[in-house]
J.: 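A single structure is presented below for examination.
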Amino acid sequence: MAGLRGALIVLEGADRAGKSTQARRLVEALKERGYRTEGLRFPERTTEIGQLIGSYLEKKSNLEDHTIHLLFSANRWEQVPMIKEKLRSGITLVVDRYAFSGVAFTSSKENFDLHWCKQPDVGLPKPDLVLFLKVSPEVAATRGGFGNEIYETNSFQEKVAKRYAQLMDDKTVNWKLVDASQDIENVHQQLKELSEKAIDDAKDQPIGKLWE
Ligand code: 2DT
Ligand code: MG
């Protein structure tokens, strides 16, 4: 198996779609199937940049909108050497949010366009698979209320959903839409099947560059 790389698998979707739960279960299931697999999340709040982001999200500090956008991107770039090293050593990475969240959220603010928002993330390692967990607002509402973080309002989340839809028109990215209104187990099975296929397809391919 030497020389075969792992796959970069990203989970995206609205709040309460079940991304974090599914990401955790996917890592465990892939490990059980014999794939070396690890989980990552963005924002990664433990780094110095991540602490600035965490404080912004928790409304403990205010940052100018372009500035926070660039910090989210920097928070990904600072992990890129580690991500490449793991992929090259054969480890599959399951990532809870990536550049698509970055673009969908910032471009939902006044006076930001998709093009500008994408630029800082151009050239990041390209995901081999982006699993979009789609859940209706009605089903999301049955999963409890929002927390108290800055983007957690219905009006903002509606804008974010529209931006995700625009991003999904981009056929250079391997998007797979999964109906996350189904029960957890069904969703899990679908994610697992799609992921195993992506791992198989990626193993002898070079790591791509996002949006280039
Ligand atoms: P969690 O609830 O998943 O911790 O996300 N966000 C995330 C951005 O605005 N830009 C980004 O680049 C990323 C990765 C989405 C925290 C919030 O941060 C938003 C929700
Ligand atoms: Mg959240």
Side-chain angles (χ1 to χ4, degrees), residues 8-27 39-80 82-83 93-127 130-135 137 140 143-168 170 173 175 180 191 210-211:
L8 182 60
I9 298 171
V10 169
L11 271 73
E12 288 280 3
D15 255 60
R16 297 171 297 172
K19 286 184 300 301
S20 307
T21 308
Q22 292 292 347
R24 244 186 340 264
R25 289 204 54 187
L26 184 56
V27 170
L40 298 179
R41 80 234 44 84
F42 290 109
E44 173 48 69
R45 301 190 196 210
T46 59
T47 67
E48 283 175 68
I49 293 168
Q51 287 170 34
L52 295 174
I53 294 171
S55 149
Y56 172 82
L57 289 170
E58 292 166 32
K59 302 179 203 166
K60 290 181 181 152
S61 66
N62 186 25
L63 287 168
E64 191 275 329
D65 289 326
H66 300 79
T67 309
I68 182 64
H69 183 72
L70 295 171
L71 287 174
F72 272 114
S73 178
N75 185 235
R76 284 182 279 280
W77 281 106
E78 65 181 343
Q79 306 288 337
V80 165
M82 176 274 283
I83 289 175
L93 296 174
V94 172
V95 189
D96 185 353
R97 296 192 187 277
Y98 200 54
F100 313 98
S101 282
V103 175
F105 278 74
T106 303
S107 68
S108 295
K109 297 179 174 178
E110 297 279 308
N111 301 318
F112 281 89
D113 64 47
L114 231 46
H115 178 77
W116 187 89
C117 291
K118 283 162 86 169
Q119 297 318 298
D121 287 309
V122 168
L124 279 178
K126 181 175 180 171
V130 187
L131 296 160
F132 187 80
L133 274 56
K134 189 178 168 65
V135 72
R143 297 181 179 174
F146 285 116
N148 290 319
E149 293 204 332
I150 193 158
Y151 297 133
E152 296 179 328
T153 66
N154 277 321
S155 60
F156 196 76
Q157 297 282 328
E158 277 165 27
K159 291 182 189 146
V160 170
K162 288 190 185 131
R163 294 307 203 169
Y164 270 128
Q166 280 178 283
L167 287 172
M168 275 188 273
D170 175 2
V173 172
W175 288 98
L191 300 186
L210 182 62
W211 293 327

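Counting starts at 1 for both ligands and their atoms, following the listed order. Keep in mind it's a predicted model, so treat the numbers as computed, not measured.
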J.: Ligand 1 versus R76, non-hydrogen atoms closer than 4.0 Å: side chain, backbone, both, neither?
T.: side chain

J.: If we set the cut-off at 4.0 Å for heavy atoms, which region of F42 has an atom near ligand 1: side chain, backbone, both, or neither?
T.: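 Both parts.
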
J.: Mind checking ring-ring contact (aromatic ring centres under 6.0 Å, His included) for Y164 and listing every partner two or more places apart, or none if nothing turns up?
T.: F132

J.: Would you say the side chains of K109 and Y151 form a donor-acceptor pair under 3.5 Å?
T.: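 Yes, because at least one side-chain N or O of K109 sits under 3.5 Å from a partner of the opposite role on Y151.
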
J.: Within ligand 1, which atoms have a heavy atom of L57 less than 4.0 Å away?
T.: 16 (C), 17 (C), 18 (O)

J.: Which residue from R45, Q157, E58 reaches closest to atom 16 (C) of ligand 1 through any of its heavy atoms?
T.: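 When every heavy atom of R45, Q157, E58 is considered, R45 comes closest to atom 16 (C) of ligand 1.
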
J.: Check the pair R45, E149 against salt bridge (charged side-chain N to carboxylate O under 4.0 Å, His left out), reporting the backbone distance first and the verdict last.
T.: CA-CA 14 Å; R45 301 190 196 210; E149 293 204 332; 3.0 Å; yes

J.: Ring of F146, cation from R16 - is the NZ or CZ under 6.0 Å from the centre and inside 45° of the axis?
T.: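 Because its charged atom sits under 6.0 Å from the ring centre and within 45° of the axis, R16 does stack over F146.
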
J.: Give yes if a backbone or side-chain nitrogen or oxygen of D96 is under 3.5 Å from a nitrogen or oxygen of ligand 1, and no if not.
T.: no

J.: Where does I68 meet ligand 1, judged by heavy-atom distances below 4.0 Å: at the side chain, the backbone, both, or neither?
T.: neither

J.: Salt bridge (Lys or Arg N to Asp or Glu O under 4.0 Å) with K60: which residues, sequence neighbours excluded?
T.: E58

J.: Do Q22 and R25 have side-chain N/O donor and acceptor atoms under 3.5 Å apart?
T.: no

J.: Could you tell me, atom by atom, which parts of ligand 1 come under 4.0 Å of a heavy atom of G102?
T.: 10 (N), 11 (C), 12 (O)

